[in-house]
S.K.: 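Here you go, one structure.
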Amino acid sequence: QVQLVESGGGLVQAGGSLRLSCAASGRTFSTYAMGWFRQVPGKEREFVAAIRWNAVRTIYADSVKGRFTISRDNAENTVYLQMNSLKPEDTAVYYCARAMTIDPVTADKEYDSWGQGTQVTVSS
């Protein structure tokens, strides 16, 4: 198990940017893929982006492709989500998670450790 702590959420106007960070504890961070998900109350948790253990491959949900960028710094045990051109429909609680694989995956059942989430609110 690894402990994950997200930060960087907040309130931003439409068209603005935010950068989320997820700090991990434990020595196994660098050997697994990492992902970001989001959830709106009353809706299913939604995949956003994921990155391979060595960062050579990333995948994105169609709804964020071209606007969001996932990255990681294994030396700092941190994964990031740069969010640009934010829209009101991006409003959600954002969670980072550690996959049980080295390659990025979209299904939340493939992830075994989750952070507590950080709120992102985009005003119109």
S.K.: List in chain and number order the residues that pass ring-ring contact (aromatic ring centres under 6.0 Å, His included) with Phe29, two or more places apart in sequence or in another chain; answer none if no residue qualifies.
M.R.: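 In terms of ring-ring contact (aromatic ring centres under 6.0 Å, His included), with neighbours along the sequence ignored, Phe29 is linked to no residue.
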S.K.: Which atom pair, heavy atoms only, marks the closest approach of Ala99 to Val105?
M.R.: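 Shortest heavy-atom separation between Ala99 and Val105 comes out as CB-CG2, 4.3 Å.
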S.K.: On a heavy-atom basis, which atom in Val48 and which in Phe68 lie closest, and how many Å separate them?
M.R.: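 What the structure gives for the nearest pair is CG1-CD2, 3.7 Å.
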S.K.: Any side-chain heavy atom of Val120 sitting closer than 4.5 Å to one from Val122?
M.R.: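 Side-chain contact under 4.5 Å: yes.
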S.K.: Report the C-alpha separation of Ser17 and Asn84 in whole Å, then their side-chain angles, then the decisive distance to 0.1 Å, and conclude whether the side-chain hydrogen bond (donor to acceptor under 3.5 Å, both in side chains) test is met.
M.R.: CA-CA 4 Å; Ser17 298; Asn84 298 330; 2.9 Å; yes
S.K.: Using the disulfide (SG to SG under 2.5 Å) rule, collect all pairs that involve residues 48-102, keeping only residues at least two apart or in two chains.
M.R.: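 Applying disulfide (SG to SG under 2.5 Å) to every pair that reaches into residues 48-102, excluding sequence neighbours, yields Cys22-Cys96.
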S.K.: Say whether Leu18 and Val79 are linked into one hydrophobic cluster, either directly or through other cluster members, by side-chain heavy-atom distances under 4.5 angstrom.
M.R.: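 Per the 4.5 Å side-chain linkage, Leu18 and Val79 are co-clustered.
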S.K.: Evaluate the side-chain proximity of Val2 to Ser113: yes if any heavy-atom separation is below 4.5 Å, no if none is.
M.R.: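 Answer yes - side chains close enough.
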S.K.: Which atom pair, heavy atoms only, marks the closest approach of Gly115 to Glu6?
M.R.: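 That would be CA-OE2, 3.2 Å.
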S.K.: What I'd like to find out is whether the side chain of Ile59 reaches to under 4.5 Å of the side chain of Thr106, using heavy atoms alone.
M.R.: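 Result yes, sub-4.5 Å side-chain heavy-atom pair found.
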S.K.: Can you confirm whether more than 12 heavy atoms, excluding those of Lys109, are under 6.0 Å from its NZ atom?
M.R.: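 Open: at most 12 neighbouring heavy atoms sit under 6.0 Å from NZ of Lys109.
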S.K.: Can you name the nearest heavy-atom pair linking Trp36 to Ile70, along with the distance?
M.R.: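 Trp36 and Ile70 have their closest heavy atoms at CD1-CD1, 3.5 Å.
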S.K.: How long is the straight-line distance from CG of Asn74 back to CE of Met34, given to the nearest 0.5 Å?
M.R.: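 Here the rounded value is 9.5 Å.
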S.K.: Does a side-chain heavy-atom distance below 4.5 Å link Arg38 with Ser63?
M.R.: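 Answer yes - side chains close enough.
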S.K.: So, for Tyr95 and Phe37, is the gap between ring centers shorter than 6.0 Å?
M.R.: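 Here the rings of Phe37 and Tyr95 have centres that are no less than 6.0 Å from each other.
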S.K.: Got a second to check how far Ser123's OG is from Gln13's CD, nearest 0.5 Å?
M.R.: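 It is 5.0 Å, given to the nearest 0.5 Å.
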S.K.: How long is the span from the CD atom in Glu110 to the CG atom in Asp103, to the nearest 0.5 Å?
M.R.: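 The distance works out to 11.0 Å.
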S.K.: Please name all residues satisfying ring-ring contact (aromatic ring centres under 6.0 Å, His included) with Tyr94, sequence neighbours left out, ordered by chain then number.
M.R.: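 Scan of Tyr94 (ring-ring contact (aromatic ring centres under 6.0 Å, His included), adjacent residues dropped) gives none.
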S.K.: Same cluster or not: are Met83 and Tyr80 linked, directly or through other Ile, Leu, Val, Met, Phe, Trp or Tyr residues, by side-chain heavy atoms under 4.5 angstrom apart?
M.R.: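 No, Met83 does not connect to Tyr80 through the hydrophobic network.
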S.K.: Does any non-hydrogen side-chain atom of Thr69 lie less than 4.5 Å from one of Tyr60?
M.R.: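 Touching, per the 4.5 Å side-chain cut-off.
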S.K.: Less than 4.5 Å apart, any side-chain heavy atom of Val5 and any of Gln116?
M.R.: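 Side-chain contact under 4.5 Å: yes.
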S.K.: Give the minimum heavy-atom separation between Arg72 and Ala33, together with the two atoms involved.
M.R.: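 Taking Arg72 first and Ala33 second, the nearest heavy atoms are NH1-CA, 3.9 Å.
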S.K.: Side chains of Gln119 and Thr91: does their closest heavy-atom pair fall under 4.5 Å?
M.R.: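 In short, these two side chains touch, coming nearer than 4.5 Å.
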S.K.: Same cluster for Leu81 and Val12 if Ile/Leu/Val/Met/Phe/Trp/Tyr side chains link at under 4.5 Å?
M.R.: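 Leu81 clusters together with Val12.
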S.K.: Grab the two heavy atoms, one from Ile102 and one from Arg52, that are nearest each other, plus how far apart they are.
M.R.: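 Result for this residue pair: O-CG, 3.0 Å.
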S.K.: Are any of the side-chain heavy atoms of Lys87 and Ser124 separated by less than 4.5 Å?
M.R.: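 With C-beta onward as the side chain, the pair stays apart.
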